[in-house]
Amino acid sequence: MPTKPRVRRQARLSRSLGIALTPKAAKYLERRPYGPGEHGRARKKQDSDYAVRLREKQRLRAQYGIREAQMTRVFEEARRTKGLTGENLVELLEMRLDALVLRAGFARTIAQARQLVVHRHVMVDGARVDRPSYRVAEGQLIHVHPRSEKLPPLQVAAAGAHRDVLPDVPGYLDVQLDKLQARLVRRPQRAEIPVTCEEQLVVEFYAR
């Protein structure tokens with residue numbers, strides 16, 4: 001279970017970025033969307049163009065829970081890939097194993113999804129994978145290791161307990177939640193990926 005300081009940190013980050021990064025942060029923002037203190041409701045000065053682009057990049061990073069170096073590497077790959085760089089960036093991030101574990105409903109937050117992968121509870125096509133950044137290919141099957149299926153958090157997930165706080169399962173995933181299985185049937189398309197981001201601003205940030 002997340003500690004109270006961690007929950008508060010996530011709430012503060014969510015407020016500063018303008019998006020709810022976890023279900024608990026969403027409740028915090030619903031109760032108090034403004035910052036703490038006597039100046040919390042004061043109108044803030046208009047951000048510079050740089051600040052707007054930086055915040056958008058930070059929003060995308062936070063939703064996938066990745067470090068700057070990881071983000072930069074994926075951006076460079078997206079830039080070299082045919083098509084729109086911003087859309088490529090989000091689509092490549094979405095094909096990370098931890099992101100798909102979250103979308104499938106095996107976890108409640110991206111941090112929990114990453115923990116499941118790191119602790120070797122998740123398999124891809126029958127082989128254990130402990131790298132959250134692992135790029136899942138079209139057609140590959142993501143599933144929980146048989147010895148891990150009985151763990152209480154995964155039993156809770158298999159019963160569908162996280163579906164009330166997660167977006168609908170996107171069309172690029174075929175999920176059998178009761179079996180803790182999900183197949184990436186095709187490459188995700190930006191329009192159907194449930195992240196909040198103006199990706200063109202992220203492109204402009206890195207192109208500066």
Side-chain angles (χ1 to χ4, degrees), residues 1-3 6-15 17-31 33 58-66 87 89-119 121-124 129 131-136 138 140-145 148-199:
M1 294 293 290
T3 62
R6 181 176 172 183
V7 170
R8 285 196 292 268
R9 283 197 302 272
Q10 287 294 314
R12 284 197 298 269
L13 181 59
S14 294
R15 187 178 292 113
L17 296 176
I19 52 172
L21 297 173
T22 66
K24 286 192 175 181
K27 292 181 180 178
Y28 272 86
L29 291 181
E30 188 176 324
R31 290 201 303 268
Q58 299 290 57
R59 292 173 82 178
L60 185 58
R61 264 190 59 202
Q63 288 174 89
Y64 284 101
I66 60 175
E87 293 186 1
L89 173 62
V90 179
E91 291 166 10
L92 291 171
L93 288 172
E94 186 67 11
M95 294 169 75
R96 287 172 55 98
L97 179 57
D98 56 354
L100 294 175
V101 166
L102 175 64
R103 301 288 180 248
F106 299 174
R108 193 176 182 86
T109 65
I110 193 66
Q112 187 182 30
R114 183 167 56 250
Q115 189 176 49
L116 288 176
V117 176
V118 170
H119 290 177
H121 296 307
V122 177
M123 308 178 76
V124 178
V129 178
R131 287 189 299 112
S133 62
Y134 176 88
R135 179 80 50 77
V136 180
E138 295 177 49
Q140 286 192 307
L141 180 68
I142 304 164
H143 52 112
V144 170
H145 191 280
S148 302
E149 290 178 354
K150 300 301 181 184
L151 293 175
L154 287 164
Q155 284 290 292
V156 167
H162 303 328
R163 293 264 48 107
D164 61 328
V165 297
L166 295 175
D168 292 339
V169 176
Y172 45 87
L173 275 179
D174 179 18
V175 178
Q176 293 181 283
L177 194 53
D178 59 330
K179 297 180 180 179
L180 293 171
Q181 295 182 1
R183 188 179 299 278
L184 181 63
V185 294
R186 57 177 172 79
R187 180 184 170 110
Q189 298 298 305
R190 173 62 187 106
E192 57 188 345
I193 298 172
V195 297
T196 302
C197 176
E198 292 185 43
E199 57 271 10

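- Listed here is the closest heavy atom pair of R163 and G105: NH1-CA, 3.5 Å.
- Distance CG/D168 to CG/L173: 12.5 Å, rounded to 0.5 Å.
- Interatomic distance, L60 CG to Y64 OH, rounded to the nearest 0.5 Å: 6.5 Å.
- Residues H121 and H145 are not in side-chain contact: their nearest non-hydrogen atoms beyond the backbone lie 4.5 Å or more apart.
- In this structure, the side chains of R131 and R114 stay at 4.5 Å or more apart for every pair of heavy atoms.
- Between L151 atom CG and H119 atom NE2 the span is 11.5 Å, to the nearest 0.5 Å.
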Verdict with reasoning, R108 to L166, per side chain to side chain contact (heavy atoms under 4.5 Å, CB included): CA-CA 7 Å; R108 193 176 182 86; L166 295 175; 5.7 Å; no
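- Distance check, rounded to the nearest 0.5 Å: CG of L97 to CZ of R135 gives 12.0 Å.
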Determine, stepwise, if the pair E199 / L89 fulfils side chain to side chain contact (heavy atoms under 4.5 Å, CB included). CA-CA 8 Å; E199 57 271 10; L89 173 62; 5.6 Å; no
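- The shortest distance between side-chain heavy atoms of Y134 and V117 does not fall below 4.5 Å.
- Applying the salt bridge (Lys or Arg N to Asp or Glu O under 4.0 Å) rule to pairs touching residues 90-105 yields E91-R187, E94-R103, R96-D98, sequence neighbours excluded.
- Residues R183 and V175 are not in side-chain contact: their nearest non-hydrogen atoms beyond the backbone lie 4.5 Å or more apart.
- Between P170 and E192, the shortest heavy-atom contact is CB-O, 4.1 Å.
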Full working for side chain to side chain contact (heavy atoms under 4.5 Å, CB included) between Q189 and Y172: CA-CA 8 Å; Q189 298 298 305; Y172 45 87; over 6 Å; no
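- A distance-only check finds no donor-acceptor pair linking the side chain of Q140 to the backbone of V136 [under 3.5 Å].
- The closest side-chain heavy-atom distance from L93 to V90 is not below 4.5 Å.
- The shortest non-hydrogen separation linking A104 to A182 is CB-CB, 3.7 Å.
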Go through it in stages, so that I can follow the logic: the residues are Q181 and V144, the test is side chain to side chain contact (heavy atoms under 4.5 Å, CB included), and I'd like the CA-CA distance, side-chain angles, deciding distance and then a yes or no. CA-CA 7 Å; Q181 295 182 1; V144 170; over 6 Å; no
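- Each of L116, V122, I110, V118 was evaluated against P132; a single residue qualifies, V118, per the side chain to side chain contact (heavy atoms under 4.5 Å, CB included) test.
- A donor-acceptor pair is defined here as one N or O able to donate and one able to accept, closer than 3.5 Å; such a pair exists between the side chain of Q155 and the backbone of E149.
- Although no hydrogens or angles enter the test, the distance criterion places a donor-acceptor pair under 3.5 Å between the side chain of R190 and the main chain of I193.
- Annotation: the span from M123 atom CE to S148 atom OG amounts to 9.0 Å, rounded to 0.5 Å.
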